[in-house]
Protein chains: 2
Amino acid sequence: MKSKITLKKIAKEFDVSISTVSKALKGSHEISKEVREKIKAFAAYYHYKPNSLALNLRNQKTKTIGLIIPEIVHHFFTKVISGIEHVANERGYNVMICLSNESYEKEILNMDMLANGIVDGIIVSVAKETEEKGTHNHFKELINNGIPLVLFDRVIDDINCNKVITDDIGGGYLACNHLIKMGCKRIAILTTPDHISVGIKRKKGYLKALNDNNYPIDEDLILKIDEKNSIEDQINNLFELTNPPDGIFGVNEIYAATAIKIAHKKGLKIPDDIAIMGFTNGLISDFTTPPLTTVAQHGSTMGERALELLLDEIEYQDTDYKYKTEVIKTDLIMRNSTKKIPKNTFK
Amino acid sequence: MKSKITLKKIAKEFDVSISTVSKALKGSHEISKEVREKIKAFAAYYHYKPNSLALNLRNQKTKTIGLIIPEIVHHFFTKVISGIEHVANERGYNVMICLSNESYEKEILNMDMLANGIVDGIIVSVAKETEEKGTHNHFKELINNGIPLVLFDRVIDDINCNKVITDDIGGGYLACNHLIKMGCKRIAILTTPDHISVGIKRKKGYLKALNDNNYPIDEDLILKIDEKNSIEDQINNLFELTNPPDGIFGVNEIYAATAIKIAHKKGLKIPDDIAIMGFTNGLISDFTTPPLTTVAQHGSTMGERALELLLDEIEYQDTDYKYKTEVIKTDLIMRNSTKKIPKNTFK
DNA sequence: TATTAACACGAAAACGTTTGCGCAATATTT
DNA sequence: AAATATTGCGCAAACGTTTTCGTGTTAATA
């Protein structure tokens, strides 16, 4: 276990100064060819690599950016990470990923840790607990400290910074509108409690689609799922209604896939008896029976754009930088859980 | 955009030396109570936090560990990350996650980057390309540089370091044996090409189970899937055999779930006509129809153990450290894709 | 031969921290 | 009053790097 080779050790080896070694390794013509070559050879032999900490300290930048996400066992966030990694590679940056576990405390802890010189900028998707609490001082402080911040997916309106969001309203509209086109008459939505921003927006799109098509709004068909209790039990109640839905829109993959599961148990045929849609084209959607029609939200594009915005801000020279909010459009992925069955032509 | 507050700036503010400020903030009694208090108050007001880079450089350690995984859009690895994060939090470490994208080059790039003082140790799951290539010098160099290394899941036998592996052979045995118990007579395996270590091992377990039960080995039933071509097409061939299988063991979730998909298309009933098993209890398994019986490999436990081993090595004081290889047992998760149907009692 | 140019290298500061040691100035003891 | 103890603070080194400036030696020019 020999310790790392440094400029100092090389300098001692040849009885020259540290600066000579540094210059030699950089190929400076200040240093005679002879000395240059032998130092280079020696360094190569011992696999010399400049210590990053020292470099970062000197340069006052780390070429590393921090990413704080609520959860990692989640397909959407892994896609975002892929997108971020992709751009980071291209532009010579590293990524430090931290998990908030949806906790307000942990989010602050992570931010404090990253903010102490470790990273040049931070990308965050806000934890549920923070959204619920509505306390945003840690973000303001970060910005005050001059550390560039980009919020994505779950953002906070009154923080002034770059943002990348999914067109959740448009996606909700897309989903509900599709179910209407498929001939559904009573369309339910499986959504989140009211403090989750993306849930609210997707529901907004759903309501708009109903309105635009002159469908009545039935509160019985709006199910706000509380994840502290059994998701399956809560969705099951929907199927027990005296006047049950013939179309279901789940605002995420799990809700929709669980609905499929229950429909199977009830002996309902999908999509004939009931059509089911999801949101987020994740791992599950393609392997349910039938495969889930869903709204794709392009996680990796979001990641790419988030990092690009961050780096633009970091590398911006002038003083008149203007923050942007980018909206990433969603797309409908048609599969068989909502297939249109022409009336009276089947059997 | 005011820049970060430092000891130097505080020192200038009160016209004292940097060391006075440092000591005051640490509550040293060397400094008079009066001065101590006013410095503390000032620092608190400006949210002073010591610069991590400087600290790390001075202490010659970073309390950060590096993690290199081949892929992140993969449930198993996200579970491992969760486990690692969990232990890291408890023991005051940070985690830097890097993706090799299954590429040999990128793996080396990541290792080089991490090795330059940024981290105190590294955890790696080897990229497919590296396994295929069989070149392991970068690992040896790392160890030579005195940087602790832990390999997990996909490991290399002739690298001397701590390792955490799944009991892949045992898991393969568990799966195949279960299918035998369920009454299957012709059991196929969907596995990987021969250079992927975990695929080989799971197949080994499958072969052992066949042997132990005096089942013949039929090469037609051993399908090595080449992911460069359509997985679905390759599996489909299995169903077209003149003497097709009545049980299928996929060495991962995707292969098994794809088999289910094809069985549905062929109009086969699962598990009555054909039983199907997976490996890895991921997101998909619970949402297929019927839900997949599978072998759970406890990713988060693996992550936890990997980091614990790494930190033990990092924090070890004496010179007689001994490397360990930990084998994490697998468990059978019974679901309905392999349900035993008692003969002649159904319909 | 005296002046200047070119060459080859070293010293030192800077990034932000911590900490052992030294040294005044005061306070306490003989 | 003299010797000693205590208090309160600063200096400087160390971590590893880069880079500006200075300087001594040799070579080229006037």
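Every chain is numbered from 1, with letters handed out A, B, ... down the list of sequences.
With sequence neighbours excluded, the residues forming a ring-ring contact (aromatic ring centres under 6.0 Å, His included) with B/Phe14 are B/Phe42, listed by chain and number. Legend: residues meeting salt bridge (charged side-chain N to carboxylate O under 4.0 Å, His left out) with A/Glu85, ordered by chain and number and at least two apart, are B/Lys106.
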Distance-only donor-acceptor pairs under 3.5 Å for side chains of residues 95-102 of chain A, two or more places apart:
| residue | atom | partner | partner atom | Å |
| --- | --- | --- | --- | --- |
| A/Ser100 | OG | A/Glu102 | N | 3.4 |
| A/Glu102 | OE1 | A/Lys128 | N | 2.8 |
| A/Glu102 | OE1 | A/Arg154 | NH1 | 3.0 |
| A/Glu102 | OE2 | A/Arg154 | NH2 | 3.0 |

For a quick test of your reading: what N or O donor-acceptor pairs under 3.5 Å do the side chains of residues 135-142 of chain A make, sequence neighbours left out?
| residue | atom | partner | partner atom | Å |
| --- | --- | --- | --- | --- |
| A/His136 | NE2 | A/Gly134 | O | 3.4 |
| A/His138 | NE2 | A/Glu107 | OE2 | 2.8 |
| A/Glu141 | OE2 | B/His47 | NE2 | 3.3 |

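If you check the side chains of B/Asn162 and B/Tyr321, you find a donor sitting under 3.5 Å from an acceptor.
Nearest heavy-atom pair, B/Phe77 versus B/Ser125, reported as atom, atom and distance to 0.1 Å: CE2-OG, 3.7 Å.
Taken to the nearest 0.5 Å, the NZ atom of B/Lys40 stands 12.5 Å off from the CD1 atom of B/Ile10.
Near-neighbour residues of DNA chain C inside residues 31-39 of chain A, defined by a heavy atom below 4.0 Å, number-ordered: A/Ile31, A/Ser32, A/Val35.
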Checklist entry - How would nucleotides 14-21 of chain C be written as a contact map, 5' to 3', with B for base contact, S for sugar-phosphate-only contact and - for no contact, using protein heavy atoms under 4.0 Å? => result BBBBBBBB
